[in-house]
Amino acid sequence: MSDQQWRLMNPVGDPPRAVFDGAGRPGDLSGKTLGLFWNGKPGGDVLLDEVALCLSGRFPGLDIVKFWEARPGTITAYGNSADNLRFMAQSADLVIGTNAD
Amino acid sequence: MATSNFIQLAKSMARTHGVPELAIVAIPHPIGGIVEEEIRGKARSAIEEIVAKATARSHSREAADERPEASLISLAGSANDVSLAFYRHGWTDGLPIVPPTADAVRGMLRGTDLPAHHALGAMPPAGSPVTMEKIAVNAVMAGCRPTYMPVLIAALEGMLEEGFDLTGVQTSTGAHSPLLIVNGPIRQPLRINCSSGALGPGWQANATIGRAIRLIQNNVGGAHIGTTDMTTLGAAENYTYCLGENEERSPWTAFHVDQGFDREDSTVSVLGAFAPEQVSDHVGIRPEEILAVAASVISTFSRFHLRAMDHIITRDSVLLVSPEHAASIANAGWSKAHAQAFLFDNCRLPYGRLKQLRRQIDPSSLIQTAEGPMVPMFARPDAIKLIVAGGPGKHSAYVNTGHSKKILTKKIVLPKAWAQLLDEYRE
């Protein structure tokens, strides 16, 4: 049985510690514009469509933008362009998206 | 909204991007491959949580990833005890590792003139900087020689470029791995296998260069299988996926020359890739016969595994052509471009069948033929990269892209003391 003393280099990276404040929340969705982002994974558009149906009658004046219809180029699971991200940010008070399978 | 099995990945990505308070709602997995009413029911069940998280901020922050603080680790025991301790931490690929002592890491760093703290970029999903030191530590663990460092650095430079889509390669459910193809004179002194069994075991360079990349993906990138690396099945290529082009047996220009480099340059080309699919043909003589078999392997429904996959056809993928197949094609007077054009014309699937299978295809991409409308597998002929590899025999292989938009080729930069290093570490 060896009792050799080892001084070893750590292989694990140092992840960034920067933390940004999250976006503010509207408090109430009435009169707001809600953007829905679909990344193209099967079923995500249906899930978001049902969310739209549930919310549209519940909050007066709630406007819903389905980005996959308003700007089909946003449909990607492989990273959106800065232009698309800017478009989504400027088109809605709040964005809900889906990912995964 | 993320499905329940992907919540850890979603939280990890939120932390990486500095927004640990991102509101995430878990939807019971899955939402793909089930009937529409079931998906809608999942949305209705989650609607109150969606409204709550949409209208009010949570003040609970996720705890930071657990990670060791010390850059040096003290352990007592045998080399096997070290290996087991690293295994228990989740820092290995399951195989024994070489203990990364400070001396060994210093030796590995002789493979570059860049300082130990120099970072190539941040590796997703964790976002940790890929420093020379971290590359060297993991290279020691993988069993690399210091002469392999320049190859690792060049490969990682390519992997960190946007076109590689390392986030997708690291986290996707697909069984993707970085494929490394080495070209140029460095293949000889490093003894990178380009011939028989180039993608198999038995060569230290092929085995450990690819293994080091995997360990870096895990330890620096934070791609942990089952939590942040969501590969459904995985693949043997996740251990190592590295070969050289058999330039000496190729009837065509070397691949790195096609990519704009000089023949005397040494390069490594990287592609986030699926496992190789065999293109076996012991019968075909004419190029049209051999390449028809390749076209058959390439043209499968699996390429369109999502509903809308039109964008996939714009990507690069690789046909590893065995030297005997390459000779049969070239001896008939066919250039690479001629072979690529043939594959482009013959890699298609019937639109009607894809439609039956619920795939959505952009009608503008369809090709009208006597057999009806067809869906092309590629947007352009030169997306099918032909690279000659392997030894005697008539087995080529198709390597489909896994996320990467294009194959990226990087020049391998040698340290000033390369000749001395090579003398010390040559096989």
Side-chain angles (χ1 to χ4, degrees), chain A residues 1-30 32 34 36-37 39-55 58-59 68 72-73 75-79 93-101, chain B residues 1-3 6 10 16 18-22 27 30-34 36 39-40 42-44 47 50 54-57 65 67-68 70-78 82 91 99-102 105 122-123 126-129 134 137-138 141 165 167-168 173 215 219-220 222 306-308 403:
Chain A
M1 178 77 85
S2 167
D3 58 355
Q4 182 178 347
Q5 297 296 314
W6 297 88
R7 295 272 285 167
L8 301 159
M9 303 287 284
N10 192 321
V12 179
D14 298 315
R17 293 171 183 273
V19 174
F20 305 101
D21 278 342
R25 302 290 192 271
D28 179 8
L29 295 180
S30 302
K32 298 292 189 297
L34 170 64
L36 298 176
F37 162 65
N39 71 351
K41 287 295 188 85
D45 53 342
V46 177
L47 192 81
L48 288 166
D49 184 65
E50 186 62 28
V51 169
L53 285 173
C54 292
L55 297 182
R58 182 165 163 178
F59 296 97
W68 68 91
I75 305 173
T76 177
Y78 305 100
D93 299 298
L94 179 83
V95 175
I96 297 177
T98 56
N99 73 357
D101 299 353
Chain B
M1 294 184 285
T3 62
F6 290 78
T16 296
V19 283
E21 289 187 79
L22 182 73
I27 304 294
I31 56 173
I34 60 174
E36 182 172 325
I39 302 169
R40 292 187 181 278
K42 291 183 181 190
R44 288 192 293 270
I47 203 70
I50 291 168
T55 53
R57 282 176 67 163
D65 281 328
R67 61 196 170 92
S71 60
L72 278 171
I73 302 157
S74 295
L75 283 172
S78 66
V82 170
W91 297 341
T101 62
V105 172
M123 182 174 280
S128 300
K134 294 299 180 187
V137 174
N138 285 280
M141 290 167 59
D165 189 6
T167 298
T173 51
L215 293 176
N219 293 330
V220 181
L306 297 180
R307 274 205 302 180
H403 278 273

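None of the values given here were measured: they were computed from a predicted structure. Numbered from 1 within each chain, the chains take letters A, B, ... in sequence-line order.
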More than 12 heavy atoms of other groups within 6.0 Å of A/Arg7 CZ: no

Selection from B/Asp165, B/Ile47, B/Thr167, B/Thr173 maximising heavy-atom pairs under 4.5 Å formed with chain A: B/Ile47

Among B/Pro99, B/Gly222, B/Ala122, B/Ala10, residue most engaged with chain A (heavy-atom pairs, under 4.5 Å): B/Pro99

Residue among B/Val82, B/Val105, B/Leu22 with most heavy-atom pairs under 4.5 Å to chain A: B/Val82

Contact leader toward chain A among B/Arg44, B/Met141, B/Met123, B/Lys42, where contacts are heavy-atom pairs under 4.5 Å: B/Arg44

Heavy-atom pair of closest approach, residues A/Pro16 and B/Ser128: CD-N, 4.2 Å

Side-chain heavy atoms of A/Val19 within contact of B/Glu21, under 4.5 Å: no

Region of B/Ile50 that comes under 4.5 Å of a non-hydrogen atom in chain A: side chain

Stepwise side chain to side chain contact (heavy atoms under 4.5 Å, CB included) check, A/Asp49 with B/Arg40: CA-CA 8 Å; A/Asp49 184 65; B/Arg40 292 187 181 278; 2.9 Å; yes

Residue part contacting chain A, namely of B/Ala56, when any heavy atom lies under 4.5 Å: backbone

Best-contacting candidate, B/Pro30, B/Ala2, B/Ala76, B/Gly77, against chain A by heavy atom pairs under 4.5 angstrom: B/Gly77

Contact class of A/Leu47 relative to chain B, heavy atoms under 4.5 angstrom: both

Chain A contact via B/Leu215 - which portion, at a heavy-atom distance below 4.5 Å: neither

Engaged part of A/Leu34 at the chain B interface, taking heavy atoms whose separation is under 4.5 Å: neither

Euclidean distance, B/Ile39 CD1 relative to A/Thr98 OG1, rounded to 0.5 Å: 10.5 Å

Backbone of A/Pro11 reached by a side-chain donor or acceptor of B/Asn138 within 3.5 Å: yes

Residues A/Gln5, B/Ser74; criterion side chain to side chain contact (heavy atoms under 4.5 Å, CB included); working and verdict: CA-CA 7 Å; A/Gln5 297 296 314; B/Ser74 295; 5.9 Å; no

Proximity breakdown for B/Val220 and chain A, heavy-atom pairs closer than 4.5 Å: both

Contacting moiety of A/Asp101, where chain B heavy atoms sit under 4.5 Å: both

For the student: nearest non-hydrogen atoms of B/Ala43 and A/Val51, plus distance: CB-CG2, 4.2 Å

Portion of B/Thr3 that has a non-hydrogen atom of chain A nearer than 4.5 angstrom: both

Option that, when pairs with chain A are counted at under 4.5 Å, heavy atom only, ranks first among B/Ala102, B/Gly127, B/Ala54, B/Gly33: B/Ala54

From CA spacing to verdict: side chain to side chain contact (heavy atoms under 4.5 Å, CB included), B/Leu75, A/Gln4: CA-CA 8 Å; B/Leu75 283 172; A/Gln4 182 178 347; over 6 Å; no

Side chain to side chain, B/Thr55 and A/Leu29, heavy atoms closer than 4.5 Å: yes

Side chain to side chain, B/Thr101 and A/Met9, heavy atoms closer than 4.5 Å: no

Side-chain touch A/Leu48/B/Met1, heavy atoms, less than 4.5 angstrom: yes

